[in-house]
Amino acid sequence: MKLMIQKLKKHLNFKIIETNSLYPFLFTLFFVFLTFQYPFSTLESIFYDFRVRNDLGFFSKSQIVVITMDEESDEFLGEQYPYTYASHHRLFSKFLNEKPKIINYLLNPLGPESEMDGKNFIKFKKAIESFKSAGGYFRFGVKMDVWGEQYPPIGLKEFGYSLAVLNRDDLEFSKDKVVRRAILNISGDDTLHMWTANKYRKFLGKNKLESHNLKGAFYQRDLDATVVSFRYSSSPMEKDKRIIKIPFHKVVVGNFPKGFFKDKIVIVGPSYISNSGDYSFTPFDRENLKAPNIFLHSLMIQSLVENKTVIPIPKTFTYIFSLLIVLFLSIFINKAQPTSGLIITISLMFGILLFSFCVFSIFGFWVYTTHLIMSIFIVYYIWVPFRAIAEYKTRFAIQEEAKLIKEVESLKQNFISLMSHDLKTPVAKISGMVDIIMMQVRGQAEIENNLKMVMDSTKELNNFITSILDLTKIESSKLNLQKTSKDVNQIVSSVVEGFKFEAERKQIKLNTELAPLYPIKIDVNLFRRIASNLIENAIKYSGKGKVVDIKTWDDEKWVYIEVIDNGVGIGQNDIKRVFDRFYRVKNDASHSIKGTGLGLYLVKYFVELHGGKISVESELGRGTQFKVQLLNV
């Protein structure tokens, strides 16, 4: 019955896959292509920012020192931003001794407001000229407002200036005002970041960067600018100690170690907590303004100096990869078990996230992840319901078939049981009539022999009916043990005594070696059947003049019953199947010896029903040995 159910299940599964797998696949492709029409920038920005925050591929010793103008410096100097030229001159007088390589001024000082301020203004100019003549580079970083660029005051403009603006995602990508990109040039002019990076790369002996050749750079039409996504070498938060920073007033008074600025890029600019315009949103904090703009400028320059930019992988790659995922996952979920499908889905999703993170950290490649993850979800949530429907249909069909097979099996067993019981009655009557006739014809040898043949055939038929009844009980699980405490030797002796006449008729000697045993709990009738079958088979297959040994002994765990004959034996190919139902050994002896092929099958079943074991050893032409082990309890 189980075999039939398995075949049916295989057949039904094949049919369901053949006819129904196309529909979920088409649904999946439709929804995946639909997702290709939307950028899902907000979700993608979450994946992108996670990679930026945990970037393991950009660790560089900072060559930039940030000088912050803040509330602390205002209070110490007794001045207000952007400070007097006297303070700026004092700052530069310190620089001349320290010899930094580049100085960026990210502030727009006012013109002189007094005669004294005018004198300091001239001193400040001369200090800048002295710094440049000594091989240093100086440049103002200016902002852009609604009226255009904010130029340095007359007299300082000649030292050079470049736009120093931050590109916030206001209209592009996720539109969350987070700083992710650096502007390389605007309207063909290099920004302060590009200018500073190239000057310092020249000092380091590296090639000049060209915005149109820089990996990952692209033109942003609304700004008329070339931009690139940069990689953060560290967190831009104020608490991060990897950014070298020092307040303006400490530099003015010389409160810094010797060589602190040597060959460094120095960026001077405001960082007022009270002014939200001095702070920006970043991937490290998308909800709070905690990253000073001056820190972001320094990180952009550092990224360009090291040529560590982000290279977006074309979305075409993502689309093709998504379709391959759809194909692979659809086939796997359709074929695999639901648990395996869930495991592979989760594993594939985390594998893609890990892969995208690794290629970002190692190579700076930005793999657009959202569509890949969306494709996995779509495949799973479309295929699982279809698979559940198919499984339900299969299970329902199997249940119906199993129910039908069970009913047929029950009818068969009832039929066999009824027929067997109905046959037992006439067989018993025949046996009784033969006994009566044999008493009446005593002395008539020919008639007695014929009646004896009828009696023997009646016994064989009765044994066959009994075996069929036992088989029916086994298949219907209605065979129950009726255990009682009994000495095995007594039953064995009784069985041996019952076969003495048959053994003597065939000139077979029955030897018994019965060791003293304690009573154990067994079903007496079933054990008698076990012993009878083994001894009867030994007599049948031994042949004239042979010996059959019956032995019993025990140990702490088992009681052993062994039946040994020196008859024809069993071949190695047959010995593996002697306990199979309806199997008979094929040899010359078996053709002349009658049997049903159920005896040893029932013996094995009865032994195992007692919690015991049975084994057989045999060799052709030398005999067979059966050993039964019953629990010694």
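To the nearest 0.5 Å, atoms CD1 (I561) and CH2 (W553) are separated by 9.0 Å. L353 contributes atom CG, which lies 9.0 Å from atom CG of L372 (distance to the nearest 0.5 angstrom). Considering CD of Q482 and CG of L526, their distance stands at 9.0 Å, rounded to 0.5 Å. Atom CD1 of I535 sits about 12.0 Å away from atom CD1 of I508, to the nearest 0.5 Å. Atom-to-atom distance recorded for F350:CZ and I373:CD1 is 9.0 Å, nearest 0.5 angstrom. I313 CD1 to T316 OG1: the interatomic distance, rounded to the nearest 0.5 Å, is 11.0 Å.
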Could you check L514 against S493 for side chain to side chain contact (heavy atoms under 4.5 Å, CB included), going step by step and ending with a plain yes or no? CA-CA 9 Å; L514 309 180; S493 298; 3.3 Å; yes
Please walk me through it: do F357 and L56 pass side chain to side chain contact (heavy atoms under 4.5 Å, CB included)? CA-CA 9 Å; F357 175 78; L56 303 177; 4.0 Å; yes
For side chain to side chain contact (heavy atoms under 4.5 Å, CB included), just list the numbers for N511 and I550, CA-CA rounded to whole Å, side-chain angles, deciding distance to a tenth of an Å, and then say yes or no. CA-CA 6 Å; N511 288 337; I550 302 101; over 6 Å; no
Would you sort out whether S174 and R286 count as a side-chain hydrogen bond (donor to acceptor under 3.5 Å, both in side chains), showing the intermediate values? CA-CA 11 Å; S174 62; R286 295 156 52 103; 5.3 Å; no
Mind running side chain to side chain contact (heavy atoms under 4.5 Å, CB included) on Q399 and R395 for me, showing each step along the way? CA-CA 6 Å; Q399 287 174 348; R395 193 179 298 113; 3.7 Å; yes
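Every residue meeting the side-chain contact (heavy atoms from CB on, under 4.5 Å) condition with S233, not counting sequence neighbours, appears here in chain and number order: F58, L299, Q302. The side chain to side chain donor-acceptor pair (under 3.5 Å) search around S234 returns none, not counting sequence neighbours. Applying the ring-ring contact (aromatic ring centres under 6.0 Å, His included) criterion to F363, with sequence neighbours excluded, gives F365. Looking at residues two or more places apart in sequence or on another chain, you find a side-chain contact (heavy atoms from CB on, under 4.5 Å) between K486 and Q490, I491, I522, V524. Residues forming a side chain to side chain donor-acceptor pair (under 3.5 Å) with T370 (at least two apart in sequence, or on another chain): E44. Annotation: side chain to side chain donor-acceptor pair (under 3.5 Å) contacts of D555 (sequence neighbours excluded): Y560. Residues forming a side chain to side chain donor-acceptor pair (under 3.5 Å) with E502 (at least two apart in sequence, or on another chain): R505.
Residues F499 and V548 are not in side-chain contact: their nearest non-hydrogen atoms beyond the backbone lie 4.5 Å or more apart. For the pair L602 and R529, the minimum side-chain heavy-atom distance is below 4.5 Å. Taking 4.5 Å as the limit, some side-chain heavy atom of L517 sits within range of a side-chain heavy atom of D487. Counting heavy atoms from C-beta outward, F579 and L600 have side chains that approach closer than 4.5 Å. For the pair L620 and V568, the minimum side-chain heavy-atom distance is 4.5 Å or more. A heavy-atom distance below 4.5 Å is not found between the side chains of V492 and T512. The shortest distance between side-chain heavy atoms of F284 and Y232 falls below 4.5 Å. Under the 4.5 Å side-chain criterion, counting only non-hydrogen atoms from C-beta, F626 is not in contact with I564.
With T369 as reference, I352 is the one residue of T318, I46, L43, I352 to meet the side-chain contact (heavy atoms from CB on, under 4.5 Å) rule.
The backbone N or O of T552 sits nowhere less than 3.5 Å from a side-chain atom of N489 that would complete a donor-acceptor pair. The closest donor-acceptor contact from the side chain of S45 to the backbone of T42 lies under 3.5 Å. The closest donor-acceptor contact from the side chain of N54 to the backbone of F50 lies under 3.5 Å.
Among residues at least two apart or in separate chains, ring pair (Phe, Tyr, Trp, His ring centres under 6.0 Å) pairs with a member in residues 321-340 are F317-F321. Pairs engaging residues 610-621 under the side-chain hydrogen bond (donor to acceptor under 3.5 Å, both in side chains) rule: S618-T624 [sequence neighbours left out]. Residue pairs meeting the salt bridge (charged side-chain N to carboxylate O under 4.0 Å, His left out) criterion with at least one member in residues 357-375, sequence neighbours excluded, do not occur. Under the side-chain hydrogen bond (donor to acceptor under 3.5 Å, both in side chains) criterion, no residue pair touches residues 340-362, with sequence neighbours excluded.
Across all non-hydrogen atoms, the minimal contact from V488 to V559 is CG2-CG1, 4.5 Å. Contact record, Y38 with H371: O-NE2, 2.9 Å, taken as the closest heavy-atom pair. The shortest non-hydrogen separation linking I614 to V607 is N-CG1, 4.2 Å. For the residue pair R231 and F360, the shortest heavy atom distance occurs at NH2-O, 3.4 Å. Annotation for S542 and D565: closest pair OG-CB, 3.2 Å, computed over non-hydrogen atoms. Of all non-hydrogen atoms in V563 and L534, the two that sit nearest each other are CG1-O, 3.9 Å.
Under 3.5 Å, the side chains of R53 and S235 contain no donor-acceptor pair of N or O atoms.
Enclosure of atom NZ in K576 is not indicated, since only 12 or fewer non-hydrogen atoms of other residues, nucleotides or ligands lie within 6.0 angstrom. Heavy atoms from other residues, nucleotides or ligands lying under 6.0 Å from NZ of K215 number 12 at most. Around the NZ atom of K506, the shell of radius 6.0 Å holds more than 12 heavy atoms that belong to other residues, nucleotides or ligands.
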For residues 27-37, which side-chain donor-acceptor pairs fall under 3.5 Å, sequence neighbours excluded?
residue : atom : partner : partner atom : Å
T28     : OG1  : P24     : O            : 2.6
T28     : OG1  : W383    : NE1          : 3.4
T35     : OG1  : V32     : O            : 2.5
Q37     : NE2  : F33     : O            : 3.0

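A salt bridge is absent between E504 and K500; no separation between the charged side-chain nitrogens and carboxylate oxygens falls under 4.0 Å.
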